[in-house]
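Per chain, numbering begins at 1; letters A, B, ... match sequence-line order.
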Protein chains: 2
Amino acid sequence: MDKRVTIQDVARHAGVSITTVSRFLNERYDSMSEATRGRIEAVIRDLGYRPNALAQGLKGNRTKIVAAVVVNMSYPFCVGFMRSLNQTLSPAGYHLFVSETAGNPDRERAVVQSLQAQRVDAMVLQTGGQNNDLLAAIATQMPVIFVDRKYSVPGVTNVITNNREASEQLTAHILEQGYRRVLYVTEEEDGVHTRKERLQGYLQACHKRSIKPWVITVDRDQKDTFDVVVNAVEDGAKKEPIAVYTGNGLLMMRLYPALVQLGYQVPNQLGLATFDQPDWSGLVQPSLTCVGQPVDTMGALTGEMLLQRLGKPDETVSFEVKTIASNLVFGGSTRLHG
Amino acid sequence: MDKRVTIQDVARHAGVSITTVSRFLNERYDSMSEATRGRIEAVIRDLGYRPNALAQGLKGNRTKIVAAVVVNMSYPFCVGFMRSLNQTLSPAGYHLFVSETAGNPDRERAVVQSLQAQRVDAMVLQTGGQNNDLLAAIATQMPVIFVDRKYSVPGVTNVITNNREASEQLTAHILEQGYRRVLYVTEEEDGVHTRKERLQGYLQACHKRSIKPWVITVDRDQKDTFDVVVNAVEDGAKKEPIAVYTGNGLLMMRLYPALVQLGYQVPNQLGLATFDQPDWSGLVQPSLTCVGQPVDTMGALTGEMLLQRLGKPDETVSFEVKTIASNLVFGGSTRLHG
DNA sequence: CTGAAAGCGCTAACAA
DNA sequence: TTGTTAGCGCTTTCAG
């Protein structure tokens, strides 16, 4: 492994002090002669010198690193969000750390502490809410933003989508099409804000129309819990058109083949809809009614807020919630005629 | 923003020197008394002290950061790979940087140089091959691994899949089913190793069976180039069963709705297959024949190789290629009977 | 216009 | 068993 070029080397080759080189690096060109500037420039190019970000960070107390902590980076929400976040941060010279928690509070805590040790400049988390004490403390040291899931923590800003309203609108849409009942499929709430909100939206829509709610909770790790749904649909759709609405795209992905297998006609006997907008929603026939989350906007907004706060480090944010509306996509899978 | 706790603070509160605290941090417990150890432990816990990774890195010349540079992190290949990579690196205390190049050589160069300045401990790249000079230089300073795309650069290891063989096998499979011709849809080669290899596999399979190759090149940024494919299929499938085989999953995703729209029966009049295994391949009817890339294995292998090399920094690797076999999935979309 | 020197938080000889 | 000291590569007063 080669030795790396340092500011010392540059200074020596250019015949100046390291101070002057440092000035050059920080673009204080007016406090040096043309000749000096040119010489340093040339030496840096020749030597392929790049200032050591560690040393700069240690001195300046910043790293130009922003950390994103998500449950699972393969979830479409996370991928899209991180991309968009990265695209707004990257031009400003920030690097993106990505870590996964798998929804495990202990892992989350360990990850966060490790990021703290790395002296990241800011954190963005899709948290489970079990480490809010720790995160509140961290929020006094750097900008912290929660995305997707909302928790009231002092100093932490939330960037979320209108889960409840969108869910209510989607449910309302389905019912207005004439489906007699809507089966809502969700996962154990477990303190996850989105699950609660989406369920409540569904319940509210049912309530307003005096429709009896019908909810089944599944566990993605237990295949047989999905069978319960399939059996329920098989019975329920016999006598009248019903619809199945899943609380997230992964559930629909798991459920879809089995539901289609039942042989009911979609959308005339069986309506289908899901929260999230899976990339395949337009590929199946008929296309799937769904709720597209504004991940790009959320990522961009998060990035912009961070850049702003990183620009003026001494501003404290007490508590703020940014809600961005989801986008309902009415596909053929809920187009009931008759 | 609060002041952060330093090793100084811990030393003062514990009534010892910072050296002793440092020893504690590095688990050299045998060179201190039980009492001291206990006291330091308590102080660290009380103060919520975490050692500054920047300072440690500056001293030790390592950052515990591995950088992944990909074309687009939303590509299924990248997501899966990065997850798997992260899962093997994370337990060893490594953090993952993620950057995108959008396939732009200049951006790639800028990103790589910036990562170099950040003093990452290793780089994993899905490169376009235009910065191999720079990367060769970097490979003398740290482990560098190319994934997905192969380039011969001294000191750089390649982790790839058997694109050519898999492509040939897939094409052979389709032809053996009895489709008279296979239309191969690809993108401009542009020096991208995978595109070349997959095409060659296709050509070879055709050649062996004396079938005239039929290739159309599309551009994902130009919608009308896809129309060319659709028109060709419309004509071609009139008289005899043909198949369409796309060089990657994104192409099939774009093409699929339009092809289905044509009204030909899949698989009897029109066969469909793609490289990559899109998450929706099992959701459409009939299920899509495809080539699953071993992204998990590739990520894990890459991570393990890195950990090994990071463990013993002075070993030089001349040039190595690890090829991992893809997994062919024969779905209903190419099941031609008759 | 330029440089010397202190120090960011930590590690590792070298002493005691 | 513990402490003193010299840096790692950089930025920033403060003095010329």
Side-chain angles (χ1 to χ4, degrees), chain A residues 1-41 43-44 47-64 93 116-121 141 313, chain B residues 1-41 43-44 47-64 93 116-121 141 313:
Chain A
M1 306 279 155
D2 293 10
K3 191 89 194 78
R4 265 139 149 164
V5 185
T6 76
I7 198 172
Q8 292 275 6
D9 303 323
V10 177
R12 188 155 18 82
H13 284 253
V16 295
S17 76
I18 60 169
T19 311
T20 306
V21 179
S22 174
R23 287 206 184 91
F24 176 91
L25 294 177
N26 294 284
E27 299 177 34
R28 277 194 284 284
Y29 302 132
D30 45 345
S31 45
M32 76 189 66
S33 71
E34 277 291 314
T36 307
R37 173 176 171 178
R39 221 159 350 113
I40 295 178
E41 194 159 14
V43 171
I44 286 181
L47 265 48
Y49 168 72
R50 317 236 90 211
N52 183 330
L54 255 60
Q56 291 181 310
L58 180 57
K59 194 88 248 273
N61 215 34
R62 48 141 205 72
T63 50
K64 292 252 166 191
Q116 206 181 359
Q118 286 283 344
R119 295 301 190 266
V120 298
D121 286 347
Q141 300 173 6
Chain B
M1 304 279 157
D2 293 10
K3 192 89 195 74
R4 265 139 148 166
V5 185
T6 77
I7 199 172
Q8 293 275 8
D9 302 324
V10 177
R12 190 154 18 82
H13 283 255
V16 295
S17 76
I18 58 169
T19 311
T20 307
V21 179
S22 174
R23 289 205 183 92
F24 176 90
L25 294 177
N26 294 283
E27 301 178 32
R28 277 196 281 285
Y29 302 132
D30 45 344
S31 47
M32 76 189 64
S33 70
E34 277 290 314
T36 306
R37 175 179 170 177
R39 220 161 348 115
I40 295 177
E41 194 159 14
V43 171
I44 286 181
L47 266 49
Y49 167 73
R50 316 237 92 213
N52 183 330
L54 256 61
Q56 291 181 311
L58 180 57
K59 190 91 248 274
N61 214 35
R62 48 140 204 74
T63 49
K64 292 254 166 188
Q116 208 181 357
Q118 286 283 344
R119 296 299 189 267
V120 298
D121 286 346
Q141 300 173 8

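For the pair B:D30 and B:R28, the minimum side-chain heavy-atom distance is below 4.5 Å. A:T6 has its side chain out of reach of A:N52: every pair of non-hydrogen atoms, C-beta onward, lies at least 4.5 Å apart. The shortest distance between side-chain heavy atoms of B:L25 and B:I44 falls below 4.5 Å. Side-chain atoms of B:T63 and B:Q118, non-hydrogen and from C-beta on, never get closer than 4.5 Å to each other.
For B:R4 and C:dG9, a side-chain-to-base donor-acceptor distance below 3.5 Å is absent, hydrogens and geometry of angles not being considered.
Both A:S22 and B:R23 lie near DNA chain D, and the one whose nearest nucleotide falls closer to the 5' end is B:R23.
Here the shortest heavy-atom pairing between B:H13 and B:V43 reads CB-CG1, 3.6 Å. Residue A:R4 comes nearest to B:Q116 through the heavy atom pair NH2-O, 4.4 Å, listed as atom of the first residue, atom of the second, then distance. The shortest heavy-atom contact between A:I18 and A:I7 is O-CD1, 3.7 Å.
Using a 4.0 Å heavy-atom distance criterion, A:R119 is classed as making no nucleic acid contact. Contact annotation for A:S31: base contact, defined as any heavy-atom pair under 4.0 Å involving a base atom. A:N61 comes within contact range of no nucleotide atom at all, as no heavy-atom separation falls under 4.0 Å.
Residue A:Q56 places no side-chain N or O under 4.0 Å from the OP1 or OP2 atom of D:dG9. Note on B:N26: a side-chain N or O is less than 4.0 Å away from OP1 or OP2 of C:dT11. OP1 or OP2 of D:dG9 has not a single side-chain nitrogen or oxygen of A:Q8 nearer than 4.0 Å. In terms of phosphate contacts, A:Y49 brings a side-chain nitrogen or oxygen within less than 4.0 Å of OP1 or OP2 of D:dC10.
To the nearest angstrom, C1' of D:dT12 lies 14 Å from CZ of A:R62. Put simply, OH on B:Y29 is 17 Å from C1' on D:dT2, counting in whole angstrom units. Atom-to-atom, CG of B:D9 to C1' of C:dC10 comes out at 13 Å; the value is rounded to the nearest Å. The distance between atom CD1 of A:I40 and atom P of C:dC1, rounded to the nearest whole Å, is 13 Å. To the nearest angstrom, C1' of C:dA12 lies 6 Å from NZ of B:K59. In this structure, CG of A:D30 is placed 13 Å from C1' of C:dT2, rounded to the nearest angstrom. Atoms CZ (B:R39) and P (D:dT1) sit 14 Å apart, rounded to a whole Å. Put simply, CZ on B:R37 is 17 Å from C1' on D:dT2, counting in whole angstrom units.
For the atom pair A:Q141 CD and A:R119 CZ, the distance stands at 7.5 Å (nearest 0.5 Å).
In this structure, of C:dT11, D:dG9, C:dA12, it is C:dT11 that holds the atom nearest to the side chain of B:L25. Of the candidate nucleotides C:dC8, C:dC10, D:dC10, C:dC8 has the atom nearest to the side chain of A:L58.
For DNA chain D, the neighbouring residues in residues 11-21 of chain B, judged by any heavy atom under 4.0 Å, are B:V16, B:S17, B:T19, B:T20.
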